[in-house]
Asker: 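The structure's right below; bear with me while I get my questions together.
Because the structure is a prediction, the values reported are computed rather than measured. Lettering of chains follows the sequences in order, A, B, ..., and the numbering in each one begins at 1.
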Number of protein chains: 2
Amino acid sequence: MTERAKKYASSTDVARLAGVSQSAVSRTYKPGAKVSEETRSKVLKAAAELDYRPSLIPRIMLTHRSNLVAIVIGGMYNPFYAAVLERFTVGLQDAGNQVLLVHADSGHSLDAAIPKLASYRVDAIVSALAILSPRSADELARFKIPVVSFNTPVRNEWVSSVCCDNVGAARALADLMLTRGGRRFGCISGPTASPASDERLAGFRTGLAMRGIEDLVTATADFRYEGGREAALRLFAAPRHPDALFCANDLMALGAIDALRRDLGLRVPEDVMVAGFDDIPSAAWGAYELTTFLQDGRRMVDEALAILKTAATAHGPVGDVAVDVPARLIERRTTQREPA
Amino acid sequence: MTERAKKYASSTDVARLAGVSQSAVSRTYKPGAKVSEETRSKVLKAAAELDYRPSLIPRIMLTHRSNLVAIVIGGMYNPFYAAVLERFTVGLQDAGNQVLLVHADSGHSLDAAIPKLASYRVDAIVSALAILSPRSADELARFKIPVVSFNTPVRNEWVSSVCCDNVGAARALADLMLTRGGRRFGCISGPTASPASDERLAGFRTGLAMRGIEDLVTATADFRYEGGREAALRLFAAPRHPDALFCANDLMALGAIDALRRDLGLRVPEDVMVAGFDDIPSAAWGAYELTTFLQDGRRMVDEALAILKTAATAHGPVGDVAVDVPARLIERRTTQREPA
DNA sequence: ACGAATAGTGCATAGCTATGCACGACGAAC
DNA sequence: GTTCGTCGTGCATAGCTATGCACTATTCGT
């Protein structure tokens, strides 16, 4: 559109001013290259005068590496994902990469964003989308870019996954709630498209079944506080309501607790036990003290970064790795109840 | 280091396979360019076969525009900033830009990150750092990249700012608390390096002074829940404690409320009124219902995006714009008290 | 003092796309 | 049938850095 004025000085400009060749300038900025002190100082002086910053763009063309890593994320309203994003960013920056942030709230918007990423020649993609179908994953593989799927167990030649042990954790929670005297069980799950939520629900159900309990009332919500609140109101409208409620994430659990206490006048944990998943900071807040599972975000991110590092040095595809990080039960007040 | 195998097909590769010139390939991907249907289909067929994606990198070199906008952020633990980041990302993506995310937790780490951004030839920088000194801002200006400082009122030739009216809002809050019968006032401020916190404290103090009240006890914390909790415990250790407490952000206010209620056995709002700033989602949660100010993040982001858009079409510096967005008082339960 | 090794420099080119320009083909207008 | 405009195509080059290669100057060993 508008003719862009030349904005940055080039190495040629610097070379001209310093009275040396362009190669000399380039070598001045390459650590360990052969440049005499005299040349170096002439170059640096000219560079300072022209405010020269070497551009990385031509280097990308030459080396086919951009040192850009894309993070695709949706749902930053959930502090767990905000924290994960922060850790990824810090970790990647420390490793000398830059982070390209992409917001996608659906598989559809993801499909639209990926070609852009390919055009920017990103070295790798991290997907921290709750919703990522195997079909989308196969679509991703066509771009021949290493992908790490965070918390969604899709895998193929180019896609690896780092997940937490949702099933095992939820099963353990069923045990705990039974031990604490739970009799009638309820569950608020996430959107149906979410594999993590599915696994948590399935694990909870299995845990109950192993102790001979088949009865479980469920409601579906959207992973948010308000959704959890409304789902709890629906679930507890019936006369014989649950006395032990598992929510597929902490935000919904907090919403459910407020619904129970403030709208329905029930006591937590005396009348109803509640547990969540993630261990976001507010789960520990004095007003709630929510029992939950610590998804070890730090460790999961580290595992993902390790995979990316491998992918960076490898030449071909390096996918199909699946790492499972265990979740740790954090029991707080919302399940602390004397067995009846 | 390792010789990177050629990974992507180039337009030349496609041209060879399709039996046309490289220009023809380029034009096929440029909307509105003159290409015959026949050529176009030959190109597209070859491109599909080779999985060709046009690279944006050479275009950056030619046009001096990368369509990359960097967002520098710290403290994503605060949901307000997480939400701001999300809005910026969506807004910039919609405008055809890509977001380069940079985490910086101090002015120092910012200084280290900026040269990298210059090397990637970002078109603009958004700083959503709570701590950005005028000195850092001048440092930034040396790079001749348009900068928008979010919520920190620094400005110079290259740096514009979008802030919310902290002073006016805090002054209005002093009025409200007086009207509600506050007698002894306390304030928990953020880190001393934070301009936003300084302004809020100053505004509160002014508001009180205008009604003849000079007495104000203060404590300093770190903008986090735990910090607010501990500051409240310190502030309320004295026998004659405040009965109206203003916290420089919501997270600290929530921590303070839990300290008052659960550790000190005080009632909120009956014994102590509490107000915060930001209107993060948890401020509205049933357990708190915190009176606060809505920093209109959406509008602030829109204003910032408008400035960036101007900067994108301008040739020279376009800084020194300062936008002030008013904050809206949201009165909830924590200040709802009958005047004594 | 002479050959050899080393340090330092510049030349030329790769890497990929966009685009101005020249050129050929074709239909339309006169 | 000549003269245009239009359309489509290919050629050549800009944009900036990194690096292999050739070349000169310097140092060292014997």
Asker: Which nucleotide in the set D/dC16, C/dT9, D/dG10 lies at the smallest distance from any side-chain heavy atom of A/T39?
Answerer: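 Of the candidates, C/dT9 comes closest.
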Asker: Distance check needed: D/dC16 C1' versus A/Q22 CD, whole Å only.
Answerer: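 Going from A/Q22 (CD) to D/dC16 (C1'), I get 7 Å.
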Asker: With distance as the sole criterion, do the side chain of A/R27 and the base of C/dG10 form a donor-acceptor contact below 3.5 Å?
Answerer: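 Answer yes: a donor N or O sits under 3.5 Å from an acceptor.
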Asker: Are B/V14 and B/V43 close enough, and set up right, to give a side-chain contact (heavy atoms from CB on, under 4.5 Å), and what steps lead you there?
Answerer: CA-CA 7 Å; B/V14 175; B/V43 167; 4.2 Å; yes
Asker: Looking at A/D13 and A/R16, is there a salt bridge between them, counting it only when a charged N and a carboxylate O are closer than 4.0 Å?
Answerer: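 So A/R16 pairs with A/D13 through a salt bridge.
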Asker: May I have the distance from A/L50 (atom CG) to D/dC16 (atom C1'), rounded to whole angstrom?
Answerer: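 In whole Å, D/dC16 C1' lies 15 Å from A/L50 CG.
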Asker: With nearest nucleotides of DNA chain D determined for B/E38 and A/P54 from heavy-atom distances, which residue corresponds to the more 5′ nucleotide?
Answerer: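 First, find each residue's nearest nucleotide; the 5'-ward one identifies B/E38.
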Asker: For a quick test of reading the model: is some side-chain N or O of B/Y29 closer than 4.0 Å to OP1 or OP2 of C/dC16?
Answerer: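 Checking B/Y29 against C/dC16: no side-chain N or O falls below 4.0 Å of OP1 or OP2.
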Asker: Identify the residue among A/N67, A/L68, A/I145, A/L308 that makes a side chain to side chain contact (heavy atoms under 4.5 Å, CB included) with A/D123.
Answerer: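 Passing option: A/N67.
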Asker: For the side chain of A/S21 and the base of C/dC11, is some donor closer than 3.5 Å to an acceptor across the two?
Answerer: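 Counting by modelled atom types and ignoring angles, no donor-acceptor contact under 3.5 Å is found here.
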Asker: Using the ring centroid of each side chain, check whether A/F223 and A/F80 are separated by less than 6.0 Å.
Answerer: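 No - the distance between ring centres of A/F223 and A/F80 does not fall below the 6.0 Å cut-off.
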Asker: Does B/R121 qualify as a cation-pi partner of A/Y8, given the criterion of NZ or CZ under 6.0 Å from the six-membered ring centre and within 45 degrees of its axis?
Answerer: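 Yes, B/R121 lies over the aromatic ring of A/Y8.
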Asker: Under 3.5 Å, is there an N or O donor on one side and an acceptor on the other linking the side chain of A/S23 and the base of C/dC11?
Answerer: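 Present.
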Asker: Rounded to whole Å, how long is the line connecting atom CG of B/L62 with atom C1' of C/dT19?
Answerer: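 That distance rounds to 9 Å.
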Asker: Under 4.0 Å between a side-chain N or O of A/S11 and OP1 or OP2 of D/dT17?
Answerer: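 True: A/S11 side-chain N/O within range (under 4.0 Å) of D/dT17 OP1/OP2.
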Asker: Whole-Å distance between C/dA18 C1' and B/K34 NZ?
Answerer: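 Checked: the NZ to C1' distance equals 15 Å.
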Asker: Select base, sugar-phosphate, or nothing to describe what A/S26 touches, counting heavy atoms under 4.0 Å on all strands.
Answerer: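 Base contact.
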Asker: Rounded to whole Å, please give me the gap between NE2 in B/H64 and P in C/dT17.
Answerer: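 For the pair B/H64 NE2 and C/dT17 P, the rounded distance is 18 Å.
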Asker: Under 4.0 angstrom, heavy atoms only, what part of the nucleic acid is B/V25 near: base, sugar-phosphate, or nothing?
Answerer: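 Nothing, no heavy atom under 4.0 Å.
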Asker: More 5' along DNA chain D: B/V20 or B/P58, using each one's nearest nucleotide?
Answerer: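 The residue mapped nearer the 5' terminus is B/V20.
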Asker: How close or far is atom C1' of C/dG8 from atom NZ of A/K30, stated in whole angstroms?
Answerer: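 Those two atoms, NZ and C1', are 16 Å apart.
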Asker: Expressed as a whole number of angstroms, how long is the span from A/R65:CZ to C/dA14:P?
Answerer: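 Nearest whole value for this atom pair: 23 Å.
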Asker: Should B/S36 be listed as having a side-chain N or O under 4.0 Å from OP1 or OP2 of D/dT9?
Answerer: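 It does, given that an N or O in the side chain of B/S36 lies less than 4.0 Å from OP1 or OP2 of D/dT9.
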Asker: Measure from OH on A/Y8 to C1' on D/dT17 and round the result to the nearest Å.
Answerer: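 Roughly 16 Å, once rounded to whole Å.
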Asker: Choose from C/dG10, D/dG10, D/dT17 the nucleotide whose nearest atom is closest to any side-chain atom of A/A24.
Answerer: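 Of the candidates, C/dG10 comes closest.
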